[in-house]
Structure formats: structure tokens, C-alpha cells
Participant: 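Mind looking over this structure? Questions follow.
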Amino acid sequence: MFAVQFDRFGPPEVLSVGPFPEPHAGPGEVRVRVEAAGISPVDLALRAGGSPSSEKIALPHIPGVDAAGVVDEVGPGVTGVAVGDEVFGAVDVARLGGASAEFAVLAFWTAKPSSMSWEEAGAGGTSIETATRALDLLGVREGTTLLIDGAAGGVGGVAVQLAIARGARVIGTGGPESQDFISRLAAIPVPYGPGLPERVRALHDGRVGLALDVAGAGSLPELIAITGSAASVVTIADFTGPGLGVRLSLGDFGGEPNGRHGLAVAAALSEEGRFRLPLREVFPMAEAARAHALAARGPRQGKIALTAPHVLTTTALA
Ligand SMILES: NC(=O)c1ccc[n+]([C@@H]2O[C@H](COP(=O)([O-])OP(=O)(O)OC[C@H]3O[C@@H](n4cnc5c(N)ncnc54)[C@H](OP(=O)(O)O)[C@@H]3O)[C@@H](O)[C@H]2O)c1
């Protein structure tokens, strides 16, 4: 099969598209013929090398944890899905990649609704599950006022919409260029950075029940001050959290009691016109190096998707 891959760590230019041995669906997995895959911060860190996770992968490595496609192999023990079904989801988190290729093996998935483009579906899996689990941990529900720090990014843009769908009122932080983007997601925008508690108090009487840090930018003390309690804050990206009493929500979705229900919820909301995966740009897989270079630059608004060579629609979607 063809695959985006790198055989040494380095800048985006180490990425190429070439032949790679085909993977097969193991127990509890499906294999899809990929239509589109996503790019995530972890892909950039792995490719650059030097992160603890870089030591866990064998080279050459196929980047990408999210993919959508048509099922062509169903692993042992899998029910409720058949060859030919259109699905979206993500690889086993322990594999740290494998999605941006002709075939990818998914560890969790749901049916792709016709309301979702392949590009949206292919880039959404991990962001949707990550956002869902963090909102569950916080207990976000009807009437909650939730502050999301990093609301324009891949996880943030999803978390805003899923929280609003639960009936929450959402305040979202972003850089100066992301304020309109956050408004379009139906959150109340506020600039991130020093002085956040004062800015939030000014726009919302100081009453914020819960806060979600999806940026990992060092704002946990401010988020605790804004909500009044470390127990009211969850982070997905700041490892100092537990030392401050803040829960850190990490990526083993299967281990969570309610793990992996987020995709189905997002698919249903998409069909109702209440959810869309914000796409920053779409590239063909052959231009993965350009896509990785863009992903490293801000402002980061939504996800970047890669389309498989047989997909003819490579239109950039705002
Ligand atoms: N725990 C998990 O299971 C899990 C899963 C997925 C991702 N993650 C981690 O979560 C983080 C976010 O992922 P992502 O995919 O959403 O990344 P992303 O798409 O790169 O978005 C990050 C967002 O943070 C914003 N930001 C930058 N500086 C900030 C600051 N000082 N304060 C507040 N926001 C700031 C960025 O805005 P600008 O670019 O406009 O400045 C951007 O919109 C990454 O560290 C990722 O590795 C964790």
C-alpha cells in the first residue's frame, strides 16, 4: 500500500509518500480503505523526534491517529459493522500512528453520517473523544457556565460545540486572530494570556462554574482562581495539573467507563446540523510536509486533514 511516512526524525521535509507493508485488523479492530486522515500535535512531536514518545516508535513510521474510510476487513470479535460500511475513528492510541495511508486499522469508530464530509470525519476522531471525556469528567450539563482555554484549536473547537449541545454556556479563549472564529462556534470569545481572570469577570460577572484547559499553556492557577476550586478544572495537556489538584485527562479512551461514546454523539449532532468539525485546511497526502509545516504555525483554528490520492475533492474548507 502507499503511506505517508518518515524514516528519520526531523522537520516536515522528512515526510514522503511511498510503499509500506499493509496492516491487518486484529481482535476488536477494523481496517478501512482511508479516504481522509487527520493531523494532530502528537504527530508533529513524534516526527520532530526528542519527545519521550519518539522513543516508542519504530522507523519508518506512518504518522496520524485519526482516519475515516470504507471498512474492508473486520477483526475477530467485532460486531455491528461490515465490509463496505463508511466509518470514522482512530487507531489504537499505543500505536501512535498509522492513519495517513491507503489502509489504516481503527481501534474505535462509528458510522460516518452523510452530513459529515470525509475530511471532517477523517480529522475528528481523537479530538471528539478527548473533548467528550474531558466534558464528562467535569460533569458539564445544562446550565453549566464553562470556560475553555484554547477554544479555537483542534480539541477546543470540538469541546465548545459538544458543551453547547449539552446546554452549557461557553466562554472560549483564543489569540487576537481567533476571536471571530470562537464567536462563530457560538462561544463568548475572550483573549487568552495574563489578566484572564479580570477579563472573564468583566464579561461574565465572575461566575464561571467549570474550566477546561485544552491548551496546556500554563494557565491552571488562573483557571482555579476563576472557578474558585481546583476540583472544577480539568486539563488535557498540562502535566503540572495533578500537583495543583487539577485532574489530567489522558488518552486511553478504552479504560474510561464511558469511553468511546463521543463519536456517536458527534455523528448524531452532525445529522441534526448542530456539530461540524472545524477544518483549517485540507491537503492531499502527497503534500503532507506542507500540511505539517502549516500545523506548526498559529493561529491554529480547527483541524488539518489529509486526503488519500484516490479522493478527488481536495478543496480547502473554511
Ligand atoms: N490528553 C489527551 O488525550 C489529548 C488528546 C489530544 C490532544 N492533547 C493535547 O492537547 C493540546 C491541544 O491539542 P489540539 O489538537 O487542540 O492543539 P491545536 O489544534 O494546536 O490547538 C491549540 C490551541 O491552543 C491555543 N493557544 C496557544 N497559546 C495559548 C495560550 N497561551 N493560552 C490559551 N490557548 C493558547 C492555540 O491558539 P493559537 O494557535 O491561535 O495561538 C490553539 O488554538 C496539545 O498539547 C495536545 O497534545 C491531549
Side-chain angles (χ1 to χ4, degrees), residues 38-48 51-53 63-66 90-94 96 108 123-138 147-162 171-182 185 187 189-197 199-200 211-223 226 233-242 246-256 259-260 262 277-281 291-305:
I39 294 181
S40 298
V42 65
D43 303 331
L44 309 188
L46 282 174
R47 189 216 67 235
S51 81
S53 297
V65 292
D66 299 320
V91 303
D92 182 337
V93 71
L96 295 167
F108 64 95
T126 305
S127 292
I128 291 168
E129 283 302 335
T130 301
T132 300
R133 190 178 31 161
L135 298 178
D136 288 349
L137 263 183
L138 277 169
L147 174 65
I148 299 181
D149 198 27
V155 178
V158 168
V160 167
Q161 295 177 75
L162 296 182
I171 301 167
T173 79
E177 291 163 276
S178 295
Q179 301 295 298
D180 288 347
F181 180 84
I182 292 166
L185 294 173
V190 61
Y192 58 58
L196 184 63
R199 284 193 296 283
V200 170
L212 172 59
D213 165 37
V214 290
S219 63
L220 293 181
E222 284 78 19
L223 301 186
I226 289 167
V233 183
V234 161
T235 179
I236 66 162
D238 189 334
F239 286 81
T240 69
V246 168
R247 286 165 293 169
L248 174 63
S249 181
L250 285 178
D252 180 10
F253 307 113
E256 296 291 326
R260 304 183 183 183
L277 197 279
L279 279 175
R280 181 175 172 193
E281 199 152 337
H292 269 223
L294 178 69
R297 292 197 299 272
R300 298 177 186 83
Q301 298 171 351
K303 298 288 294 185
I304 296 175

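Order of appearance sets the numbers: ligands from 1, and atoms from 1 within every ligand.
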Participant: Out of Gly153, Pro176, Pro41, indicate the one that has the non-hydrogen atom closest to atom 17 (O) of ligand 1.
Facilitator: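 Heavy atom nearest to atom 17 (O) of ligand 1 belongs to Pro41.
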
Participant: Run the numbers for me: atoms of ligand 1, each under 4.0 Å from some heavy atom of Ala237, listed by number.
Facilitator: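 Result: 10 (O), 11 (C), 45 (O).
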
Participant: Within ligand 1, which atoms have a heavy atom of Ala217 less than 4.0 Å away?
Facilitator: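 So the atoms of ligand 1 that pass are 29 (C), 30 (C), 31 (N), 32 (N).
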
Participant: Does at least one non-hydrogen atom of Ser249 fall below 4.0 angstrom from an atom of ligand 1?
Facilitator: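 Judged by the 4.0 Å heavy-atom criterion, Ser249 does count as contacting ligand 1.
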
Participant: Is there a side-chain contact between Leu220 and Thr235 in this structure, where contact means two heavy atoms from C-beta onward sitting under 4.5 Å apart?
Facilitator: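 They are in side-chain contact.
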
Participant: Regarding ligand 1, does Thr173 bring an N or O atom to under 3.5 Å of one of the ligand's N or O atoms?
Facilitator: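 There is no such contact.
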
Participant: I'd like to check Val200 versus Glu222 (side-chain heavy atoms, cut-off strictly below 4.5 Å). Are they in contact?
Facilitator: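 Not touching, per the 4.5 Å side-chain cut-off.
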
Participant: Within the distance-only criterion (no hydrogens, no angle test), does the side chain of Arg247 pair as donor or acceptor with the backbone N or O of Leu137 below 3.5 angstrom?
Facilitator: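 Yes: the side chain of Arg247 pairs with the backbone of Leu137.
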
Participant: What are the atoms of ligand 1, with element, lying closer than 4.0 Å to any heavy atom of Pro299?
Facilitator: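 By the 4.0 Å cutoff, the relevant atoms are 39 (O), 40 (O).
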
Participant: Is the closest N or O pair between Gly302 and ligand 1 shorter than 3.5 Å?
Facilitator: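 No - when backbone and side-chain N and O of Gly302 are compared with those of ligand 1, no distance drops under 3.5 Å.
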
Participant: Give a yes or no on whether the backbone of Gly174 and the side-chain of Gln179 come within a donor-acceptor separation of less than 3.5 Å.
Facilitator: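 Side chain of Gln179 to backbone of Gly174, a donor-acceptor pair under 3.5 Å: yes, one is there.
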
Participant: Within the 4.0 Å heavy-atom shell around Ala215, which atoms of ligand 1 are there?
Facilitator: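 Taking each heavy atom of Ala215 in turn, ligand 1 has 24 (O), 33 (C), 34 (N), 35 (C) under 4.0 Å.
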
Participant: Less than 4.5 Å apart, side chain to side chain, heavy atoms only: is that true for Thr132 and Val158?
Facilitator: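 Side-chain contact under 4.5 Å: no.
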
Participant: Is there a side-chain contact between Asp66 and Lys303 in this structure, where contact means two heavy atoms from C-beta onward sitting under 4.5 Å apart?
Facilitator: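 Side-chain contact under 4.5 Å: yes.
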
Participant: Any side-chain heavy-atom pair from Leu135 and Leu212 closer than 4.5 angstrom?
Facilitator: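 They are in side-chain contact.
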
Participant: Closer than 4.0 Å to some heavy atom of Val214 - which atoms of ligand 1 meet that?
Facilitator: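 Numbered from 1, ligand 1 contributes 10 (O), 11 (C), 12 (C).
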
Participant: Determine whether a donor-acceptor pair (N or O, by modelled atom type, separation under 3.5 Å) exists between the side chain of Gln301 and the backbone of Glu177.
Facilitator: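 Here the side-chain-to-backbone pair exists.
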
Participant: For ligand 1, which atoms have a heavy atom of Gly298 less than 4.0 angstrom away?
Facilitator: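 Numbered from 1, ligand 1 contributes 39 (O).
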
Participant: Taking only heavy atoms of Ser178 into account, list the atoms of ligand 1 that are under 4.0 Å away from them.
Facilitator: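 Counting from 1, the qualifying ligand atoms are 40 (O).
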
Participant: Under 3.5 Å, side chain of Asp149 to main-chain N/O of Ala215, donor-acceptor pair present?
Facilitator: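 Judged by distance alone, no pair lies under 3.5 Å.
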
Participant: Flag Arg300 as yes when one of its N or O atoms lies below 3.5 Å from any N or O atom of ligand 1, and as no otherwise.
Facilitator: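 N/O-N/O distance under 3.5 Å: yes.
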
Participant: Should Val42 be listed as contacting ligand 1, given a heavy-atom distance under 4.0 Å as the test?
Facilitator: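 Distance cut 4.0 Å: Val42 fails for ligand 1.
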
Participant: Distance under 4.0 Å to a non-hydrogen atom of Thr130: what atoms of ligand 1 satisfy this?
Facilitator: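 Matching atoms, with element in brackets: 2 (C), 3 (O), 4 (C), 5 (C), 6 (C).
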
